[in-house]
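The next block holds one structure in the form of structure tokens; read it before the comments.
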2 protein chains.
Amino acid sequence: MFTLAEENYLKAIFHLENDYGAGVSTNAIADKMDTRASSVTDMIQKLADKKVISYQKYKGASLTKKGKSIAVNIIRKHRLWEVFLVEKLDFQWDEVHEIAEQLEHIKSDELIQRLDLFLEYPDFDPHGDPIPDRNGYIKPTEKKLLSKLKKNQRGICVGVKESSATFLQYLDTRKIGIGSSITVIDKEEFDQSMTILVSNKQFFITKKIAENLYLKTI
Amino acid sequence: MFTLAEENYLKAIFHLENDYGAGVSTNAIADKMDTRASSVTDMIQKLADKKVISYQKYKGASLTKKGKSIAVNIIRKHRLWEVFLVEKLDFQWDEVHEIAEQLEHIKSDELIQRLDLFLEYPDFDPHGDPIPDRNGYIKPTEKKLLSKLKKNQRGICVGVKESSATFLQYLDTRKIGIGSSITVIDKEEFDQSMTILVSNKQFFITKKIAENLYLKTI
DNA sequence: TTTATTTTTTAGCCTTATCTAAATTTAAAG
DNA sequence: CTTTAAATTTAGATAAGGCTAAAAAATAAA
Ligand SMILES: [Mn+2]
Ligand SMILES: [Mn+2]
Ligand SMILES: [Mn+2]
Ligand SMILES: [Mn+2]
């Protein structure tokens, strides 16, 4: 059995490996977990002893098969609970992450299996992130960052990369959400800022915004 | 904010005060929490510092107003989650306690308010225990232990005192549940054992069983 | 009212998960 | 190929929450 802290480390390492490739650095983990590098070293040594990561001093950490499976299961729980909170309890998509951070650590396989059924086996969470199935399989989806699109290209918003409340609220005020159709009207070579069209309105957005919106191009 | 361990102590002290009156002994708490008296002493000293219990050395502990309010809120969460598990996820009444022990510590007032609404403001949990309202008010209910009934008296089962899986499963095999009509056919003076009638069947039950079933007499 | 027993508290130690400060290793510059 | 800087690990502390063993206080017996 794994402690809450261990589970959070495994989840963080999973996301970092996913985003930047295998061999996650101590500092990268410390950054993501908002903790100190020395604390991370202690923990990854413990996780290596437990065979859920492979690790050599100074060389970074990678999840083993077992570690990956634990991480994916926590992510599955997190996303299912987010669906529950939005679909059943009528929370907004910017309100659910913190609560799901707690709920993801509830230990009961039966609970999650029944929750999944109750929610009618959803494929995506409220932020467009795929929900792993009970075997840990994550259906691959083709999605592209808005920042990769060129002038005149168009797509449907299928997800957000960051899901902080502030970013989600920013999107709310501009009526951008999962399912929104987005067209690049203009793109500035100099700073990668864009003018986009969303439901008949034009907005100016910075590179940072465009780098956090996933589209399915059409 | 209170830790998981602190919350569990407050809840235990609340239940002990409820069952046996104010001034809960160190050993009683140790027993209920399945821990050592020395650990309890440490914790009640800390809880006294935090003003959630009043405590003098060697004299036992009692919840303050603040402590009671925290305890009742945890109990409210526990029971609401149990309703959720049974009513929405189709768990059996003997399967929910352990999961609710975890869920009761999730911190979000908004979550509980919305869960309460989603469940349509239930008054009782699956074991017949009353659910405190958001102000901590517990509606008083008249219920009597089956062991207090005399020969030929009758009642409706409205709750169980113990809610261990083994006891609940024992009741299941005899088709005794919340709402069952129970009649005392005979009562043995010597050992307080009883013969009872439940849905046209007679059962022999020990004193211990009769002391864990709550009835509303009619 | 002494003595014995039970209850409670204290003392000292352990584990987990943190931290700061110092040492060490690796990577980057010159 | 040295020197410097950055990243990582180690050393030593701390706080929470638990334990055992011993001391102290309260109760019960004699
Ligand atoms: Mn989330
Ligand atoms: Mn999400
Ligand atoms: Mn329960
Ligand atoms: Mn219950």
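Order of the sequence lines sets the chain letters (A, B, ...), proteins ahead of strands, with each chain counted from 1.
- Using a 4.0 Å cut-off, some side-chain N or O of K57(A) falls inside it from OP1 or OP2 of dT10(D).
- The phosphate of dT8(C) (OP1 or OP2) has no side-chain N or O of T41(B) nearer than 4.0 angstrom.
- Listed in residue order, the members of residues 7-36 of chain A having a heavy atom less than 4.0 Å from DNA chain C are Y9(A), T35(A), R36(A).
- Using a 4.0 Å heavy-atom cutoff across all strands shown, A5(B) reaches sugar-phosphate atoms only and no base atom.
- Scanning for salt bridge (Lys or Arg N to Asp or Glu O under 4.0 Å) contacts around E87(B) gives an empty result, with sequence neighbours left out.
- When the side-chain contact (heavy atoms from CB on, under 4.5 Å) test is applied to F204(B), the partners found at least two apart in sequence or on another chain are S193(B), T195(B).
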Can you give me every donor-acceptor pair (side chain of residues 17-45 of chain B, partner residue at least two apart or in another chain, under 3.5 Å) with its distance?
{"unit_1": "E17(B)", "atom_1": "OE1", "unit_2": "L63(B)", "atom_2": "N", "d": "3.1"}
{"unit_1": "S25(B)", "atom_1": "OG", "unit_2": "A28(B)", "atom_2": "N", "d": "3.1"}
{"unit_1": "T41(B)", "atom_1": "OG1", "unit_2": "A37(B)", "atom_2": "O", "d": "3.2"}

Quick one: which protein N/O atoms are closer than 3.5 Å to N/O atoms of nucleotides 1-3 of chain C? Pair and distance per line, please.
none

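- No salt bridge links E188(B) with K207(B); every basic N to acidic carboxylate O contact stays at or beyond 4.0 Å.
- In this view, K57(B) satisfies the side-chain hydrogen bond (donor to acceptor under 3.5 Å, both in side chains) rule with no residue, not counting sequence neighbours.
- For H127(A), the side-chain hydrogen bond (donor to acceptor under 3.5 Å, both in side chains) partners are E82(A), not counting sequence neighbours.
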What pairs of donor and acceptor atoms, side-chain ones from residues 140-150 of chain A against any protein atom, are under 3.5 angstrom apart with sequence neighbours left out?
none

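- With sequence neighbours excluded, the residues that form a side-chain hydrogen bond (donor to acceptor under 3.5 Å, both in side chains) with E162(B) are S164(B).
- The ring pair (Phe, Tyr, Trp, His ring centres under 6.0 Å) contacts involving residues 46-87 of chain B comprise F84(A)-F84(B), H78(B)-H97(B), W81(B)-F84(B), where partners must be two or more places apart or lie in separate chains.
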List every contact pair, protein side and nucleotides 11-14 of chain D side both N or O, where the distance is under 3.5 Å.
none

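- Partners of D129(A) according to the side-chain hydrogen bond (donor to acceptor under 3.5 Å, both in side chains) rule, which considers only residues two or more places apart in sequence or in another chain, do not exist here.
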